[in-house]
Number of protein chains: 2
Amino acid sequence: MAILVVGSVAFDSLETPAGKRERVLGGAATHFALAASFFTDVRVIGVVGEDFLPEHEAVMTRRGIDTRGIERAPGLSFHWTGSYVKDLNAAETLATDLNVFAAFEPKIPEPYLDSEYLFLANIDPVLQARVRKEMPNVKMVAGDTMNYWIAAHRENLLKVLAELDVLLINDGEARMLSGETNALRAAQMVMALGPKSLVVKHGEYGATVYTSGGRPFRAPGLPLADVVDPTGAGDSFAGGFYGYIASQGGVTPEVLRSAMFYGSVMGSFACERFGTERLQEVTRAEIDERFGHLREISHL
Amino acid sequence: MAILVVGSVAFDSLETPAGKRERVLGGAATHFALAASFFTDVRVIGVVGEDFLPEHEAVMTRRGIDTRGIERAPGLSFHWTGSYVKDLNAAETLATDLNVFAAFEPKIPEPYLDSEYLFLANIDPVLQARVRKEMPNVKMVAGDTMNYWIAAHRENLLKVLAELDVLLINDGEARMLSGETNALRAAQMVMALGPKSLVVKHGEYGATVYTSGGRPFRAPGLPLADVVDPTGAGDSFAGGFYGYIASQGGVTPEVLRSAMFYGSVMGSFACERFGTERLQEVTRAEIDERFGHLREISHL
């Protein structure tokens, strides 16, 4: 079943211990869509500038991603400049040029309206709420956010959280959102704000999913000898996680567990090359092989 | 089969977000021995002062631990004062009073000489090496160390590492010992120093074991709503891990995986109360129940 994702389509200029890249294709919606495209149909809503060329769009369309919802606006695309030279686990933002993204007004193309699964990537919660409202019949809504919205736009964010089936954030964001340092209590407090399930990502250590009924479930991270560029790893995790759920047509405890593993798999691939390079060329056979690898390193 | 552990038997004065305790029984050998005692016979070598009373010794003997190797010396026992008020994941040392431990000269009682498994807890690597040499016929040697020995006694430590079957350290120690931030490469570099296997503990996220032949294996940490006192969690992990291995009479890939889970189980219990309180009253049934719980939260 189809996923509609709304979020940033951008260019990233990156410096990591493995090298430098200028203006590679990035953005949360891009990473998410590529990762999810291995599991199900994906439709993207975003905005780009005149620097977004057919070759960039082709990265998505080659994976069968529906890009009709990517609006062209006069000017330049969102451009993020970041460095991981000091710490591969923490991006240092050197520049954020919002450009056309500053005036982003998501518009849902008519053929997208029958999407069953909605993913609200990390954007202004006012826009997340608006898109949610315009898609009243979706079967499931998942979303992401970040420290900026938690700190400075809390009221707006709370309205989005109240409507979410699944929220995906990292440890630091869970602590910030809850004001609680204990991970389990923080998760319970975040879920009390609305999300029926909560996925907390732990970087290289994997991720934990909390549900209102049962016990938490932990998927390991894959130990990687070469982390080239962690940009988009969290979005790729979300794409693998949600793409798998959509492909199964619903969430059972078994589906949720496998979704966590597929999330971890796609996040690990994302780190192996710069930008979306690895996700562009990975195959479903490699994905399933790595799924088996993750099982092997975690199962008795 | 019997484990011989050499290490500190001490008193800890602790402050955590859950409260304060003065001079509770602690020390690496104590935590290790209690955790391991649920799986196999344990013998302890250490030194204590006149403040170590029959009631303290009884904590160990009630668990069937052989304490004949705990030497009494004039003066006070090793006393550590620490706080976790700022960060439950990082102990802040407020005072280290070595007392009788400063002149510790491990002596191996004759009845201990047939121990098949040796655990060198975190003490001066010169002493670790000496004990190792005096136990030439052990079947397996595991050990621990800490940042102080890695930084200031590296040459001595390297001699110990060359003789180890298993080294158990945490992420920070692995980075420090290898000079490498990537976890997988750091592990390979540490194993190149001697240990045939390496267990790296990740605090609340669990632990990873690396072996020279196969793939790494990860055991999850158990999400705990109440972390009362993390002191001794790493030693308790080591006790569960090594105690299980000794109880199985050797290491197969299956035994190693279960040992990692038992390590995580014992580490999680250790955190639930101050000092050794939880390990004193836990039952084997609770241990096996928690083992099943860990499996449930990590297996597809």
Side-chain angles (χ1 to χ4, degrees), chain A residues 17-18 84-89 171 174 180-189 200-211 214-228 253-262 264 268 271 291-300, chain B residues 17-18 84-89 171 174 180-189 200-211 214-228 253-262 264 268 271 291-300:
Chain A
Y84 299 89
V85 171
K86 286 181 197 151
D87 183 355
L88 258 176
N89 291 308
D171 284 309
E180 165 65 50
T181 55
N182 177 277
L184 185 54
R185 281 206 301 270
Q188 290 160 346
M189 290 166 73
V200 181
K201 294 165 284 178
H202 314 307
E204 64 181 301
Y205 301 123
T208 303
V209 61
Y210 301 88
T211 53
R215 282 175 165 167
F217 179 74
R218 298 202 135 167
L222 188 72
L224 290 174
D226 293 295
V227 176
V228 170
E254 292 69 34
V255 166
L256 193 64
R257 287 162 184 243
S258 290
M260 290 292 289
F261 269 57
Y262 278 116
S264 186
S268 76
C271 295
F291 184 97
H293 185 164
L294 265 196
R295 175 200 282 264
E296 190 188 319
I297 69 162
S298 62
H299 282 47
L300 291 167
Chain B
Y84 300 88
V85 171
K86 285 181 199 151
D87 183 355
L88 257 176
N89 292 308
D171 285 308
E180 165 65 50
T181 54
N182 177 277
L184 185 54
R185 282 205 301 268
Q188 289 159 346
M189 290 167 74
V200 181
K201 295 165 284 177
H202 314 307
E204 64 182 303
Y205 301 123
T208 303
V209 61
Y210 301 89
T211 54
R215 280 176 164 167
F217 178 75
R218 299 202 135 166
L222 187 72
L224 290 175
D226 292 295
V227 176
V228 170
E254 292 68 34
V255 166
L256 193 65
R257 286 162 184 243
S258 291
M260 289 293 288
F261 269 57
Y262 278 115
S264 186
S268 75
C271 295
F291 184 97
H293 184 162
L294 266 195
R295 174 199 283 264
E296 190 189 320
I297 69 162
S298 62
H299 282 46
L300 292 167

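Note that the coordinates shown come from a computational prediction; the quantities given were computed from them, not determined experimentally.
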> Does any heavy atom of chain A fall under 4.5 Å from the side chain of B:Arg295, the backbone, both, or neither of them?
Replying inline: side chain

>> With chain A as the partner, which of B:Thr181, B:Asp171, B:Val227 has the greatest number of non-hydrogen pairs under 4.5 Å?
In response: B:Asp171

>> Less than 4.5 Å to any heavy atom of chain A: does that hold for the side chain of B:Asp226, its backbone, both, or neither?
In response: both

>> Can you tell me how the ring of B:His202 sits relative to the ring of A:Tyr205, calling it parallel under 30°, perpendicular over 60° and tilted otherwise?
In response: tilted

>> Shorter than 4.5 Å, heavy atoms on both sides: which option in B:Ser258, B:Pro216, B:Pro220 has the most such pairs with chain A?
In response: B:Pro216

> Which heavy atom of B:Glu204 sits nearest a heavy atom of A:Ala183, and at what distance?
Replying inline: OE1-CB, 3.6 Å

> In Å, rounded to the nearest 0.5 Å, how long is the span from CG of A:Leu222 to CZ of B:Arg215?
Replying inline: 8.0 Å

>> Less than 4.5 Å to any heavy atom of chain A: does that hold for the side chain of B:Phe261, its backbone, both, or neither?
In response: side chain

> Checking B:Leu224 against chain A: side chain, backbone, both or neither under 4.5 Å from a heavy atom?
Replying inline: backbone

>> If we define contacts as heavy-atom pairs under 4.5 Å, which of B:Gln188, B:Arg185, B:His293 has the most with chain A?
In response: B:His293

> What part of B:Ala219 lies closer than 4.5 angstrom to a heavy atom of chain A: side chain, backbone, both or neither?
Replying inline: neither

> Do you know which of A:Glu296, A:Met260, A:His299 has the most heavy-atom pairs with chain B at a distance under 4.5 angstrom?
Replying inline: A:His299

>> Let me confirm one number: the OG1-CD1 distance from B:Thr208 to A:Ile297, rounded to the nearest 0.5 Å.
In response: 7.5 Å

